[in-house]
Structures are given as structure tokens and as C-alpha cells.
Student: 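Handing you this structure, nothing more for now.
Worth knowing before you read on, the calculation uses all heavy atoms, side chains too, and leaves out hydrogens, waters and symmetry mates.
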Amino acid sequence: MMNRLEEAIIYATIMHQGKIRKFRGSPYILHPIEVAQILSTITDDEEVITAGILHDIVEATDGTLEEIKKRFGERVALLVNSDSELEYAEEERSASWKRRKEESLLLLKNSQDIGVQMLWLADTLSNIRSLAGIYSERGDALWEALNQRDPDIQRWYYQSVAELLELQLNKTGAFKELVKHINFMWPGTFDSDKARYKKYKEVSVEGCMLIGRGAKGEVYRYDDELVIKVFNRRNTYHDVEREIALSRKAFVMGIPTAISFGIVSVGNRYGAMYELVDSDTISKYIAANPGQVETYAKMMAELAHTIHAIEVTPEDGFPDAAEKLRDYIRSGLEYDNEALAEKCMRLVDTLPAANTMIHGDFHTNNVFLQRGEPLLIDMDRLSMGHPMAEICSLYYFYVVLGEDDPTVVEDFMGFSYDIARQFFDLFLRYYLDTEDESRLRDVKDKAAVLAYMRMIHRIRKKGKPSGKEKRAIERCVEKIGELAARLDSLAF
């Protein structure tokens, strides 16, 4: 009786019969066989190797996932699906190339199965082996024969795959070979050390106190002197390196920030170590002393002034904060009300260009107190622009996030929703240095428009909204409509 691998080889051979590879004209079946061979050097998981043999069935033949599931099991079908691109029949493959790759990379990024990463590594290595061989013979003439002819976009894709695979698979020979081929075709893409054996220091946060949480991960107290920021799985080694580099740049420019001194692995995620002696987030201090919320609101307002007093230029390499606001409209509100989205775009355009430094993720979970001095540890969203881009983020975190469900803010910040709203009101008074209620109301309304747009963006980017989420979107659209009707500018 045949085992599963033998059956998969026969099935794939029949399904790929008559098909040939693009450049050499060799039988197509040699590619999935090579993928399976690469996988056998990484794992002895039969389901993963079987998926390697079958990975192009859905994409390149008349075979279906349902048939694969029936013959080879549910996990094999899920693995094959992870490496199968969506097709856009109405478009040329060259036109849809980047969109297909972006969608596939998102699936890889969010997968919890190490088998998915192994399959991607083997398939990508097999493909780039072929490309590198042709490139060594034909040079840049290679690109003219591909659906994507821009070598820089090809580089983006292969670099992105490698970065997403690095933490789990950087010790494998297959990963080292992938990096070697990428650097051959696009010299300098990766540090040459990545093509040699490297073991990240492995640490555990089991039993460690969670002291902060943000959009990119959690912060744990590791010991009396060290904290670890553990990045979520969507962050690559490159993302962590970039944040550390930005922290150093921000420190030089005058932002009080802690500097990471090393990247570690924490299970299947990256971590960054910081020396923060006897320190906690301002959120923790507010939770422990809610009667002192005014003290901490004033401290955060002063820190915001410190950041916003720093002038930067486009040459410093920071993105335009207003572009992020426009993205909230394009990937959110525009789906629900095009006319209102156009009006909001015009409102964003009223924000005057400014050389002001913007933190971009400014809230009490991202600020530590060390010997009474505030230190920021999250720098990956630094930008330049009008301070409204910062104020609207605060309104989003402390007010809008909890309007439908106060526990969302309470779980995120660690203190009650009532205290969160009080914190924002006090912060704004100190930041604007005013008790003028009409001025405070005006700035709040302007911040609210942008915060509700961000909320719609947050819901939409998760995928198809549930019934509850649709109602939340409708409420946000209604709020934006009411506010936008009486505003002609977002500046203050």
C-alpha cells in the first residue's frame, strides 16, 4: 500500500503532466519535487513535505483544495492554500503581480503554523535558485521574461519573505542559501552575517510582570534593571532593527527615550531589551493612584511639548503625518461614504505643513517613569507634521476606543474608562494651556473627526465586519458627518 508521500508524487505528476518550467523547458514536476527535497532537510513532518509536493496544484492545475483535503487531509490542504495566490481573471498577471504578492505575504505573516513558513522557505528557495542561475547567464535580460519586470519590486518580494521567515528558520541551511541567492542578485540586501550561523539569545517572559501593552506588542519587567519589549508576530527582525535605529536618532534629536541594547528571541517572537531601572509605565502609576491623574496628565502634556518643540526636515527621513490620516480615509471611511470621505480629505488638507516632530503612538503605555523622568520606548511611528496628528491619537486611545465597550480601554490602559476620559481632558487643558471651554471643545471636535476615521480603519483592516462592527462603523460615520458639517479646518 502506498504511503501519503508516494501517492502525492503520483498525483502531482499526473496533474502537472505536459507542463514545463518557464526558462529551461524542464518538466514542471521537478519544481515540487525539489521543494519537497528542500523540506526534507528542514523537517520530517510528512504533512509539510506532502504539501511541498502538492503546493502548486491549485495555482497551476485544475486540482482543488477540496480534493486535496479529501485525499491528503485538512492540514495538507491548509498548507497548500497558504502558498496559493488568489487569481484576478479580469487582469493580466503582470498587472496584478504586486497585489497578489502582498495578499500572500499577509497570509504568511499571520500564520501560526511553522509548516507554512517551512513551505514558503522551500518554495521561495527553489524559485530563486532557478532565477539566480538564469541571472548568472543573462544578467538584467532576465527581468524582461517575467510578469514583474522591475527588479526593485522583485527584490522587495524576496526580501520580505526572508524577513518573515528569519526568526523561526534562520538556523537552517535553506534559509542561509536563500539569503546568499538574494545577495547575489541584489548585493547588500542583507548583512553577510545572515548567511552564516547565528543564534539569537533566547529568553523567556514566563512569570514576568506585564507592565505595558501597545499596538506592536507587550512590555515585561524582566528583572530589577531590565525590561523586554516583545513584538507581535507581524514584526520582522527588520522592523525591530528599524525601531531601535529610530530610537537612537530620536535620542540624538532630544526626545527622552530609552535605547535598546540588544535583540533577543522570545519563543517565536522578537524582543528588544532595555535598561530601565526601577521604572513603570505612566499607565501603571495612574492605575495605582487614580487620584493623581492630573499630575500625570500634566507630565504627558509637558512631554508632548518637548517632542513637538523639535523641528525636523524632509531630509531627516520622517514621513508626513498627514499621509497617515489620509490613509485612514482611503482604507476606511471611503468604503462607507465617498462624499463624506472627500470632505474629510479636504479637511485634512487644511492642516498646514509643519516641521514638527510627531511621535505617532503617544499614550501612557509607551511612557516609562525612571527616577521621576519620563522615557519613551516606542519610536517606530515617528513622523513630521501638525500636532493635531498627535492630539487625535490621544482622543482615539482614551475616548473613542471605549465608547461602545469601555472595557477595551480599561484592558488596554489598565485603569477605568472614566479616568481615561478625565486624563484626556486634563492633558488637553495643560497642552493648550487654557481653561477656555469653547477652545477646548473646538480642538476636541477636530480630534474626534480623525479619531472616528481611525476607528473605521481599525475595523475595516481586520476583514469583513461583523454585525456589531457594522453598527460601530455606522455610528462613527454618523459622528463624522455631524462634526464635519460644522468644521472648515482641522488646525488649531
Side-chain angles (χ1 to χ4, degrees), residues 86 88-91 95-96 98-100 102-103 106 215 319-354 356 358 360-362 381 383-405 408-409 421 424 428 437-492:
L86 291 175
Y88 293 90
E90 72 283 2
E91 291 184 58
S96 65
K98 194 164 190 291
R99 190 194 327 172
R100 288 185 283 113
E102 287 172 338
E103 290 168 347
L106 186 61
D320 179 6
E323 192 54 34
K324 188 69 176 175
L325 303 178
R326 295 185 185 98
D327 186 52
Y328 292 154
I329 300 172
R330 285 190 291 262
S331 57
L333 181 59
E334 202 168 84
Y335 287 98
D336 302 286
N337 190 317
E338 288 188 12
L340 185 56
E342 287 180 13
K343 181 167 187 177
C344 288
M345 278 289 190
R346 291 193 295 272
L347 283 173
V348 171
D349 290 340
T350 65
L351 290 172
T356 302
I358 302 297
D361 200 18
F362 190 70
R381 297 186 184 179
S383 57
M384 59 181 288
H386 193 278
M388 177 52 76
E390 203 91 274
I391 304 302
C392 73
S393 288
L394 284 153
Y395 194 84
Y396 169 79
F397 285 122
Y398 293 95
V399 180
V400 171
L401 266 181
E403 284 184 335
D404 284 330
D405 182 0
V408 175
V409 170
R421 294 183 67 104
F424 178 81
L428 195 61
E437 292 297 335
S438 63
R439 175 161 163 71
L440 290 165
R441 182 71 263 162
D442 177 64
V443 175
K444 279 185 187 178
D445 286 349
K446 291 171 178 177
V449 169
L450 298 170
Y452 286 119
M453 292 191 313
R454 181 171 178 175
M455 188 65 177
I456 296 171
H457 162 81
R458 174 178 180 261
I459 296 171
R460 286 279 178 199
K461 77 174 184 179
K462 291 191 296 183
K464 187 177 180 180
S466 65
K468 181 180 179 181
E469 288 171 333
K470 285 180 181 177
R471 290 190 292 276
I473 289 174
E474 289 169 1
R475 186 180 65 80
C476 289
V477 171
E478 183 178 351
K479 291 275 191 180
I480 293 168
E482 292 172 359
L483 293 164
R486 60 176 186 262
L487 295 174
D488 55 17
S489 170
L490 294 179
F492 63 83

Student: Apply ring-ring contact (aromatic ring centres under 6.0 Å, His included) to Tyr396 and list each qualifying residue two or more places apart in sequence or on a separate chain.
Tutor: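 Partners of Tyr396 under the ring-ring contact (aromatic ring centres under 6.0 Å, His included) test: none.
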Student: Do Phe492 and Ile391 have side chains that approach each other closer than 4.5 Å (heavy atoms only, starting at C-beta)?
Tutor: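 Yes, at least one pair of side-chain atoms sits under 4.5 Å.
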Student: Just how far is it from atom CE of Met455 to atom CD of Glu403, taken to the nearest 0.5 Å?
Tutor: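 One finds 8.5 Å between CE of Met455 and CD of Glu403.
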Student: Does the side chain of Asp349 reach to within under 4.5 Å of the side chain of Arg326, using non-hydrogen atoms?
Tutor: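 Yes; the side chains approach each other to less than 4.5 Å.
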Student: Look up atom CZ in Arg471 and atom CD1 in Ile459, then write down how far apart they are to the nearest 0.5 Å.
Tutor: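 Arg471 atom CZ to Ile459 atom CD1 measures 11.0 Å (nearest 0.5 Å).
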Student: Taking atom NZ of Lys464 as the centre, report whether more than 12 heavy atoms of other residues, nucleotides or ligands fall under 6.0 Å from it.
Tutor: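 No, not enclosed.
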Student: Quick one: does any side-chain atom of Ser466 pair with a main-chain N or O of Glu469 as donor and acceptor, under 3.5 Å?
Tutor: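 Such a contact is found between Ser466 side chain and Glu469 backbone.
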Student: Closer than 4.0 angstrom, basic N to acidic O: yes or no for Glu323 and Arg330?
Tutor: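 Here Glu323 pairs with Arg330 in a salt bridge, since their nearest N and O are under 4.0 Å apart.
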Student: How close do Met388 and Val443 get, counting heavy atoms only, and between which atoms?
Tutor: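 Here Met388 and Val443 meet closest at CE-O, 3.9 Å.
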Student: Distance from His386 atom NE2 to Asp320 atom CG, nearest 0.5 Å?
Tutor: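 Nearest 0.5 Å value for the NE2-CG distance: 12.5 Å.
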Student: Is Thr350 close to Asp488 at the side-chain level, that is, under 4.5 Å between some pair of heavy atoms?
Tutor: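 No. Closest side-chain heavy atoms not under 4.5 Å.
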Student: Do you know the tightest heavy-atom contact between Ile358 and Pro387?
Tutor: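 Residues Ile358 and Pro387, closest heavy atoms: CD1-CA, 3.9 Å.
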Student: How long is the gap from OH on Tyr395 to CG on Leu428, to the nearest 0.5 Å?
Tutor: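 So the gap between those two atoms works out to 10.5 Å.
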Student: Below 4.0 angstrom, N of the basic side chain to O of the carboxylate: do Glu102 and Lys98 qualify?
Tutor: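 Salt bridge: yes.
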Student: What's the separation between atom OH in Tyr452 and atom CG in Leu483, rounded to the nearest 0.5 Å?
Tutor: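 Result: 7.0 Å between the selected atoms.
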Student: Is Lys468 salt-bridged to Asp404, going by a charged N under 4.0 Å from an acidic O?
Tutor: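 Looking at Lys468 and Asp404, the cut-off is not met.
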Student: Which salt bridge (charged side-chain N to carboxylate O under 4.0 Å, His left out) pairs, counting each pair once, include a residue from residues 448-461, with sequence neighbours left out?
Tutor: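 Those involving residues 448-461 are Asp336-Arg460.
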Student: Are Leu333 and Tyr328 close enough that some pair of their side-chain heavy atoms sits under 4.5 Å apart?
Tutor: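 The answer is no; the side chains never approach within 4.5 Å.
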Student: Do you know which two heavy atoms are closest between Val409 and Gly402, and how far apart they sit?
Tutor: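 So the minimum-distance heavy-atom pair works out to CG2-N, 3.4 Å.
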Student: Drop me the distance from Leu325's CG to Leu351's CG, to the nearest 0.5 angstrom.
Tutor: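 The CG atom of Leu325 sits 7.0 Å away from the CG atom of Leu351.
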Student: I'd like to know if the side chain of Ser331 reaches the main chain of His457, judged simply by a donor and an acceptor atom lying under 3.5 Å from each other, with no hydrogens or angles considered.
Tutor: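 Checking the backbone N and O of His457 against the side chain of Ser331, no donor-acceptor pair under 3.5 Å is found.
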Student: Where do Ala451 and Val400 come nearest, in terms of heavy atoms and distance?
Tutor: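 Scanning both residues, the minimum pair turns out to be CB-CG2, 3.7 Å.
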Student: Under 3.5 Å, side-chain donor or acceptor atoms of residues 337-345 against the rest of the protein: list the pairs with distances, not counting sequence neighbours.
Tutor:
unit_1: Asn337; atom_1: OD1; unit_2: Ala339; atom_2: N; d: 3.4
unit_1: Asn337; atom_1: OD1; unit_2: Leu340; atom_2: N; d: 2.8
unit_1: Lys343; atom_1: NZ; unit_2: Ala484; atom_2: O; d: 3.1

Student: Is the closest side-chain heavy-atom distance between Thr356 and Glu390 below 4.5 Å?
Tutor: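 Sidechains of Glu390 and Thr356: no contact.
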Student: Nearest heavy-atom pair of Phe362 and Phe397: which atoms, and what distance?
Tutor: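 Looking at all heavy atoms of both residues, the closest pair is O-CD1, 4.3 Å.
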Student: Work out which heavy atom in Ala321 is nearest to a heavy atom in Ser383; give both atom names and the distance.
Tutor: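 So the minimum-distance heavy-atom pair works out to CB-OG, 3.4 Å.
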